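Notes follow once the structure below has been shown.
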Protein chains: 2
Amino acid sequence: MTVDADPLTATFAALADPTRRAILARLTRGEATVGQLAEPFDVSLPAISKHVKVLQRAGLVEQTRRAQWRSCRLRPEPLRDVVTWMEQYRDFLGDSLDRLDHYLTDLQKGDRP
Amino acid sequence: MTVDADPLTATFAALADPTRRAILARLTRGEATVGQLAEPFDVSLPAISKHVKVLQRAGLVEQTRRAQWRSCRLRPEPLRDVVTWMEQYRDFLGDSLDRLDHYLTDLQKGDRP
DNA sequence: CGGTTAATTAACTACACAGGAAAATAGGTC
DNA sequence: GACCTATTTTCCTGTGTAGTTAATTAACCG
């Protein structure tokens, strides 16, 4: 993966790693520092730091500095882009994606945050 | 990506390539041989053949031999697994995924093909 | 300022992947 | 069998990535 890949490619590439998916799952339970994210894993801190950077590049994680801590927060937009991409397969997945489609359309019109 | 990656990882890795996503999009319009899949792209046939193999390994494409042609067909299961995985982010994506969740649950119970 | 903590960067190894060209396989036709 | 077509396999190159340890940056604390 090049650094200038299109957003969808960057998102799928970011999701194509179990450690990164686990990091995202952890972040659904609230913000966390890089050190906190690293705790459950048996890998070095630099490794986690790089994973976080991949997630940032894909727009899935946002990092804010608080003193010497980097607090990581989950960003939903790329996942919504994935859902949007999957809509072209609605005939294969069933009509539920139609409803999802409408929801996202409404969302773009500003009907909901 | 190792060859023995878990299914979700293999699926996301397969989707993390624009050429492969284009191949999938083409297959929503019906079956196609490897040669037909290669036509729109400015890459060699072996390259496409390898992309198709990655898609097969992820379960996204099924190949059936007809004489010397390999007809490729889209398989929806891995995409459904992606939707299932995304359900843990429903709070971030909105309640539409709840409905999708119910749909997939009904589907597992055999309410629909 | 010296020390401590949090996180990143640098340098390196090992491996996987995208791509091409060329050779090999497989099936159909004559 | 010889030949043609479709596809895959093999071999090669360049590049990206996951991981390590060691060094570096950044911010706070006394």
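Everything numeric here is computed off the predicted structure, so don't read it as measured data. Only this structure's heavy atoms are used, side chains among them; waters, hydrogens and symmetry mates stay out. Reminder, nothing fancy here: chain letters follow the sequence lines and each chain counts from 1.
The interatomic distance linking Leu45(A) (CG) with dA22(D) (C1') rounds to 14 Å, in whole Å. Rounded to a whole Å, the CG atom of Leu15(B) is 16 Å from the C1' atom of dC17(C). Taking atom CZ on Arg70(B) and atom C1' on dT9(D), their separation rounds to 11 Å, with Å as the unit. Put simply, CG on Asp17(A) is 13 Å from P on dC17(C), counting in whole angstrom units. For the pair Phe41(B) CZ and dG20(C) C1', the interatomic distance rounds to 17 Å; values are reported in whole Å. Distance Ile23(B) CD1 to dA18(C) C1': 12 Å, rounded to the nearest Å. Taking atom CH2 on Trp69(B) and atom C1' on dG28(C), their separation rounds to 7 Å, with Å as the unit. For Asp42(B) and dG20(C), the CG to P distance is 8 Å, given to the nearest whole Å.
Here the side chain of Arg26(B) pairs no donor or acceptor atom with the backbone of Leu37(B) at under 3.5 angstrom. Here the side chain of Arg57(A) pairs no donor or acceptor atom with the backbone of Thr11(A) at under 3.5 angstrom. Checked by atom type and distance alone, the side chain of Gln88(A) pairs as donor or acceptor with a backbone atom of Trp85(A) at under 3.5 Å.
When the side-chain nitrogen and oxygen atoms of Ser49(A) are compared with OP1 and OP2 of dT8(C), one or more of them lie within a distance under 4.0 Å. Here Thr33(B) does not reach the OP1 or OP2 of dA6(D): none of its side-chain N or O atoms lies under 4.0 Å away. OP1 or OP2 of dT17(D) has not a single side-chain nitrogen or oxygen of His51(A) nearer than 4.0 Å. In this structure, Arg65(B) does not reach the dA6(D) phosphate: none of its side-chain N or O atoms is under 4.0 Å from OP1 or OP2. Between dG16(D) and Arg57(A), no contact under 4.0 Å exists linking OP1 or OP2 to a side-chain N or O.
Residue-level contact check: Lys53(A) touches the backbone only, with heavy atoms under 4.0 Å from sugar-phosphate atoms and none from bases. Looking at heavy-atom distances under 4.0 Å, Gln63(B) makes contact with sugar-phosphate atoms alone, never a base. Heavy atoms of Arg66(B) sit nowhere under 4.0 angstrom from any nucleic acid atom.
The listed nucleotides are dG19(C), dT9(D), dA7(C); the one nearest the side chain of Pro46(B) is dT9(D).
One can find a donor-acceptor pair under 3.5 Å joining the base of dT20(D) and the side-chain atoms of Lys50(A).
Of the listed residues (Gln56(B), Lys53(B), Arg70(B)), just one forms a side-chain hydrogen bond (donor to acceptor under 3.5 Å, both in side chains) with Gln63(B), and that residue is Gln56(B).
Of the inter-residue distances, the one linking Glu77(A) atom CD with Thr84(A) atom OG1 reads 11.5 Å to the nearest 0.5 angstrom.
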